[in-house]
Amino acid sequence: MSTAPLVGYSSSDSEDEAKTAVARGRTRPWSGGHCRGQSSLSNERFPVPDSVLNMFPDDKPEDDSAKHGGRVRTFPHERGNWATHVYVPYEAKEEFPDLLDVLLPHAQTYVPRLVRMEAFHLSLSQSVILRHHWILPFVQALKDRVASFERFLFTTDRVKIYTNQEKTRTFVGLEVTSGHAQFLDLVSEVDRVMEEFDLTTFYQDPSFHISLAWCVGDACLQLEGRCLQELQEIVDEFEDSEMLLRVQAKQVRCKSGNKFFSMPLNQVPGETGADVSFSPGHGWKPGLQHSVTSASQSTFPKRQPPSPTQSSAASC
């Protein structure tokens with residue numbers, strides 16, 4: 001709403017306004033009817049030309065699951081809401097694709113519609129919704145929480161089958177068998193940030209894992225049992241699998257909409273503040289590094305976040 005003060009107009013302005021009203025088909029209150037020579041058609045509304053209507057298309061995103069491999073949104077899209085997810089990227093060794101080239105074709109003999117994942121990570125949060133103006137304060141809070149954490153080694157060598165809570169997607173994953181305690185410590189700090197922003201925290205007894213492949217629907221019956229046993233045998237017998245599946249956690253990332261924020265673990269003393277990087281998108285220039293001030297220097301107001309929509313979807 002405009003805060004400009006009200007302005008009083010002179011009589012000449014009023015006369016001009018009256019003439020304009022007549023030209024637009026409005027009658028003068030003192031005339032008692034239409035002005036001389038004015039047609040009654042002047043009060044009729046004319047249709048807006050298509051050329052004008054097409055200037056303002058409906059830009060609401062089309063929720064077409066066919067364009068996303070059959071995946072269905074776990075919460076409806078709403079302008080200004082940004083789907084947000086916190087995770088540790090899985091920086092696999094060079095031989096890791098060779099293992100997948102053996103493992104996934106075997107799984108596809110049971111469920112042909114399985115699709116290989118394009119990137120790998122271990123979730124530290126559920127998918128939640130943030131309003132755009134809370135993204136940077138949220139990331140800053142995460143950065144403060146994980147800044148003291150050191151890098152650590154973890155192993156993912158147990159094959160396991162997962163579904164999301166809605167049973168609309170199934171995943172073939174590798175579960176963490178060492179490093180579980182460190183992931184729990186990270187989740188504890190992430191949960192504190194979630195609570196601060198009134199968002200859903202992580203699961204009570206999480207199974208940390210990387211997802212290797214996925215398919216639409218609930219395919220647990222086809223993949224568990226014999227298939228799961230055979231997949232585990234492939235992993236156990238793969239050359240140097242013990243070393244291959246032992247990876248170092250180097251950073252925590254937050255994805256919000258099309259923005260990615262990276263928070264390295266165990267930062268080297270004396271490093272500059274450019275430790276939170278932004279990916280291109282929505283005005284962010286490619287290759288540009290942005291730093292976030294520390295909590296003591298933060299200019300963000302005291303957080304009193306609204307109660308945004310929360311997601312119950314599992315992050316696999």
Side-chain angles (χ1 to χ4, degrees), residues 65-66 68-75 85-93 95-127 154-184 186-187 200-247 249 311-316:
S65 62
H68 307 283
R71 288 174 290 182
V72 179
R73 288 183 181 274
T74 54
F75 42 82
H85 176 221
V86 183
Y87 61 95
V88 169
Y90 186 81
E91 302 180 21
K93 294 181 172 63
E95 298 83 0
F96 186 67
D98 297 335
L99 173 60
L100 296 186
D101 289 341
V102 179
L103 197 67
L104 296 187
H106 190 82
Q108 288 169 336
T109 61
Y110 287 86
V111 180
R113 65 181 186 276
L114 279 170
V115 179
R116 185 167 174 164
M117 300 290 291
E118 297 179 356
F120 308 100
H121 67 266
L122 297 96
S123 294
L124 300 178
S125 78
Q126 299 192 52
S127 293
F154 63 94
T155 304
T156 56
D157 58 2
R158 181 184 296 139
V159 183
K160 198 165 182 178
I161 309 302
Y162 300 88
T163 63
N164 62 356
Q165 290 184 350
E166 296 78 15
K167 304 294 185 181
T168 57
R169 297 177 70 191
T170 303
F171 301 84
V172 177
L174 287 175
E175 186 181 30
V176 168
T177 55
S178 68
H180 187 84
Q182 289 91 330
F183 279 109
L184 282 177
L186 280 174
V187 166
T200 303
T201 56
F202 207 42
Y203 307 105
Q204 291 296 321
D205 187 19
S207 172
F208 299 107
H209 65 279
I210 60 171
S211 293
L212 307 177
W214 66 277
C215 68
V216 174
D218 185 353
C220 286
L221 291 178
Q222 298 98 305
L223 291 172
E224 291 179 344
R226 180 178 177 182
C227 176
L228 182 61
Q229 180 180 353
E230 293 171 352
L231 294 177
Q232 186 64 59
E233 291 174 356
I234 293 175
V235 171
D236 294 340
E237 296 172 3
F238 196 81
E239 184 178 2
D240 297 328
S241 62
E242 183 177 352
M243 294 299 298
L244 174 61
L245 299 176
R246 187 170 176 80
V247 179
S311 168
S312 60
S315 299
C316 296

Looking at [Y], is its backbone amide N or carbonyl O close enough to the side chain of [X] to form a donor-acceptor pair, meaning the two atoms are under 3.5 Å apart?
X      : Y      : value
Gln232 : Lys160 : no
Asn164 : Arg169 : yes
Gln222 : Tyr110 : no
Thr156 : Leu174 : no

Got a second to check how far [X]'s [atom1] is from [Y]'s [atom2], nearest 0.5 Å?
X      : Y      : atom1 : atom2 : value
Leu99  : Leu245 : CG    : CG    : 6.0 Å
Cys215 : Phe171 : SG    : CZ    : 9.0 Å
Lys93  : Arg246 : NZ    : CZ    : 8.5 Å
Leu231 : Leu223 : CG    : CG    : 7.5 Å
Thr155 : Met243 : OG1   : CE    : 9.0 Å
Cys227 : Gln108 : SG    : CD    : 10.5 Å

Problem - Results of salt bridge (Lys or Arg N to Asp or Glu O under 4.0 Å) for Glu95 - residues two or more places apart only - result: none
Practice task
Under the side-chain contact (heavy atoms from CB on, under 4.5 Å) rule, what do Tyr203 and Gln165 come out as? Steps first, then yes or no, please.
Solution key: CA-CA 11 Å; Tyr203 307 105; Gln165 290 184 350; 3.1 Å; yes
Handout entry: Minimum side-chain heavy-atom gap Leu184-Pro206 below 4.5 Å
Key = yes
Handout entry: Tyr162 and His209, any side-chain heavy atoms less than 4.5 Å apart
Key = yes
Practice task
Classify the ring geometry between Phe120 and Tyr90 as parallel (under 30°), tilted (30 to 60°) or perpendicular (over 60°).
Solution key: perpendicular
Going by the rule side chain to side chain donor-acceptor pair (under 3.5 Å), which residues pair with [X] if we only count those two or more places apart in sequence or in a different chain?
X      : value
Thr201 : none
Arg113 : none
Ser241 : none
Thr170 : none

List the residues meeting side chain to side chain contact (heavy atoms under 4.5 Å, CB included) with [X], not counting sequence neighbours, and say none if there are none.
X      : answer
Leu228 : Val159, Ile161
Val102 : Ile234, Phe238
Leu221 : none
Arg116 : Pro97, Leu100, Asp101, Leu104

Fill in the blank from the handout: Between Val88 and the options Ile210, Leu186, Val247, the side-chain contact (heavy atoms from CB on, under 4.5 Å) test singles out Leu186
Problem - Evaluation steps, side-chain contact (heavy atoms from CB on, under 4.5 Å), between Gln126 and Phe202 - result: CA-CA 6 Å; Gln126 299 192 52; Phe202 207 42; 4.1 Å; yes
Completion exercise
Applied to residues 226-245, the salt bridge (charged side-chain N to carboxylate O under 4.0 Å, His left out) test, sequence neighbours excluded, yields Arg226-Glu230
Handout entry: Selection residues 203-219 - residue pairs positive for salt bridge (charged side-chain N to carboxylate O under 4.0 Å, His left out), sequence neighbours left out
Key = none
Handout entry: Polar side chain donor-acceptor pair, His85 to Ser123, under 3.5 angstrom
Key = yes
